[in-house]
Number of protein chains: 2
Amino acid sequence: MAGHKLDEIDRKILAELQADGRMTNVELAKRVGISAPPCLRRVRTLEDTGYIKGYHAEVDARALSFEVQVFAMVGLVSQAESDLAAFEDRCQDWPLVRECHMLNGEVDFVLKCVAPDLSSFQSFLTGHLTSAPNVASVKTSLVIRCRKDQPGVPFDVLEERLAQRA
Amino acid sequence: MAGHKLDEIDRKILAELQADGRMTNVELAKRVGISAPPCLRRVRTLEDTGYIKGYHAEVDARALSFEVQVFAMVGLVSQAESDLAAFEDRCQDWPLVRECHMLNGEVDFVLKCVAPDLSSFQSFLTGHLTSAPNVASVKTSLVIRCRKDQPGVPFDVLEERLAQRA
DNA sequence: GGTGAAACTTGGGACAG
DNA sequence: CTGTCCCAAGTTTCACC
């Protein structure tokens, strides 16, 4: 899958498509300094090998009346692998949970949730999350504001590291 | 900006482009059930009014040797607005910090960070984050695994709510 | 990696409801 | 104002070097 090695042009393609996923192939080819056909071949290879996992429009949650964003820290009673996996499976079925990360330390999971308003979040919280099997504790924190929300990875850091090794 | 009201076709367009941001306009038009030109006009309007804030390729961080993902809970000494804003400004300059959310409750900010490995994260942590002005406490949690990571909002929840109101 | 050519897509104009 | 039909310009994607 990811055993394929990337050259500088591949990394530039990834950086450009991460910044603007709807760029036309000719524009992309111009920016990375090759002609369109080999550029498209590289993009297809990056998609097929899993470097590119998809393309998404970034929609404004607030404009769509999802006014509330919440981080929920979840502790479980049992941390046996089957119980961890069972909780993750449950998260798949909850549309308000957008991300589910298993953590080290005191807390077992952090969930990033969205909801149209506080009351619909609270009915999810009490009706589904805290009442789910094996859930010991849930601490929630409302997002007051978000001034940085960048997807993906910082390619400039990657290039710096590669430059230092050379 | 967002005062523009959306009809069902607009919401379908947003849902489709959130799921696949590289879909061609004709494919999109077919899926939402109108012809291509008005479909494109709607997409442009959604972009111009801010419902669509951008398009991004989803790249595989691990494949690009960003092996480490960390959530950092940050408490500040002073929560005066100017001090909160100063911390947010600093986050803009740290490429390893991908998201910076201000929270209510005991902790002031949660940061989602990526790094190539543990040692580079720790040098960022001690060299930049914990040593930044006004930072009182930083608690970090390594992401062990992530089984759900969906961008954006759940459109099915939105449609359900609209159906119930009708 | 580049070139050329066919098929398709984009995006505008003219026009109907 | 939003939809449909049509057409030129541009884009994708093929076979080939």
Side-chain angles (χ1 to χ4, degrees), chain A residues 1-60 63-65 152 155 158-159 162-163 166, chain B residues 1-60 63-64 152 155 158-159 162-163 165-166:
Chain A
M1 258 305 239
H4 206 256
K5 222 175 162 271
L6 300 178
D7 64 11
E8 198 190 329
I9 295 179
D10 289 317
R11 294 194 303 271
K12 269 175 122 170
I13 289 175
L14 290 172
E16 293 289 345
L17 285 180
Q18 181 177 273
D20 178 3
R22 269 221 134 181
M23 197 181 306
T24 65
N25 184 56
V26 295
E27 172 68 16
L28 179 61
K30 202 192 307 172
R31 294 200 184 195
V32 304
I34 59 178
S35 65
C39 182
L40 184 64
R41 278 199 294 264
R42 281 167 180 268
V43 172
R44 292 281 173 269
T45 305
L46 291 169
E47 288 166 358
D48 293 345
T49 50
Y51 283 100
I52 296 176
K53 298 196 292 186
Y55 300 90
H56 306 285
E58 182 189 355
V59 306
D60 186 331
L64 282 162
S65 342
F155 279 94
L158 186 61
E159 295 299 336
L162 293 169
Chain B
M1 257 305 238
H4 204 255
K5 225 178 158 265
L6 300 178
D7 63 11
E8 197 190 329
I9 295 178
D10 290 317
R11 294 194 302 270
K12 269 176 123 172
I13 289 175
L14 290 172
E16 292 290 345
L17 286 180
Q18 180 177 275
D20 179 4
R22 270 222 134 180
M23 198 180 307
T24 66
N25 185 56
V26 295
E27 173 68 18
L28 179 61
K30 201 193 308 174
R31 294 201 186 195
V32 304
I34 58 178
S35 66
C39 183
L40 183 63
R41 277 203 294 268
R42 282 169 181 266
V43 172
R44 292 280 173 271
T45 306
L46 291 169
E47 288 167 358
D48 294 344
T49 50
Y51 283 100
I52 296 175
K53 297 196 290 186
Y55 300 91
H56 306 284
E58 182 189 353
V59 306
D60 186 330
L64 282 163
F155 279 95
L158 186 62
E159 295 300 337
L162 293 168
R165 285 187 190 173

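What's counted below: heavy atoms across the whole structure, side chains too, no hydrogens, waters or symmetry copies. So you know, we letter chains A, B, ... as the sequences are listed, proteins then strands, and number each from 1.
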Open item on the list: For a quick test of reading the model, state the closest non-hydrogen atom pair linking D10(B) to R42(B) and the distance between them.
Closed with: OD1-NH1, 3.0 Å
Task: Rounded interatomic separation in angstrom, taking CD from E8(B) and C1' from dT2(D) - done: 16 Å
- [ ] Taking only heavy atoms on the protein side, list every residue of residues 36-43 of chain A lying under 4.0 Å from any atom of DNA chain C, sorted numerically.
- [x] P37(A), P38(A), R41(A), R42(A)
Open item on the list: I'd like to check L17(B) versus L46(B) (side-chain heavy atoms, cut-off strictly below 4.5 Å). Are they in contact?
Closed with: no
Open item on the list: To the closest 0.5 Å, what do you measure between NZ (K30(B)) and CE (M23(B))?
Closed with: 10.5 Å
Task: Distance-minimising heavy-atom pair for A36(A) and N25(A) - done: O-ND2, 3.1 Å
TODO: Give the first and the last nucleotide of DNA chain C, reading 5' to 3', that has any atom under 4.0 Å from a heavy atom of chain B.
DONE: dT9(C) to dG12(C)
TODO: Only counting residues at least two apart or in another chain, list the ones meeting side chain to side chain donor-acceptor pair (under 3.5 Å) with E27(A).
DONE: R31(A)
Open item on the list: Rounding to an integer number of Å, can you tell me how far R44(A) CZ sits from dT13(D) C1'?
Closed with: 9 Å
Open item on the list: Please list all pairs meeting salt bridge (charged side-chain N to carboxylate O under 4.0 Å, His left out) that have one or both residues in residues 49-59 of chain B, counting only residues at least two apart or in different chains.
Closed with: none
Open item on the list: Looking at S35(B), I'd like to know whether one of its side-chain N or O atoms comes within less than 4.0 Å of OP1 or OP2 on dG3(D).
Closed with: no
Task: Minimum heavy-atom distance between G50(A) and D60(B), given as atom pair plus value - done: O-CB, 3.4 Å
TODO: Work out how much the helix from dG1(C)-dC17(D) to dG17(C)-dC1(D) bends between its end axes, five pairs an end, to the nearest 10 degrees.
DONE: 30°
Open item on the list: On a heavy-atom basis, which atom in Y55(A) and which in G21(A) lie closest, and how many Å separate them?
Closed with: CD2-O, 3.9 Å
Open item on the list: Could you check whether any side-chain heavy atom of L6(B) comes within less than 4.5 Å of a side-chain heavy atom of L64(A), counting everything from C-beta outward?
Closed with: yes
Task: Contacts of E159(A) that satisfy side chain to side chain contact (heavy atoms under 4.5 Å, CB included) - sequence neighbours left out - done: R11(A), L162(A)
- [ ] Output the residues of residues 18-27 of chain A in contact with DNA chain D, where contact means a heavy atom of the residue under 4.0 Å from an atom of the strand; sort by number or write none.
- [x] T24(A), N25(A), V26(A)
Open item on the list: The criterion is side chain to side chain contact (heavy atoms under 4.5 Å, CB included); which residues satisfy it with Q18(B), sequence neighbours excluded?
Closed with: V59(A), R98(A), V153(B), F155(B)
Open item on the list: Checking side-chain contact (heavy atoms from CB on, under 4.5 Å) between L28(A) and each of V26(A), V32(A), T24(A), which is the one that passes?
Closed with: V32(A)
Open item on the list: Going by the rule side chain to side chain contact (heavy atoms under 4.5 Å, CB included), which residues pair with P38(A) if we only count those two or more places apart in sequence or in a different chain?
Closed with: I34(A), S35(A), R41(A)
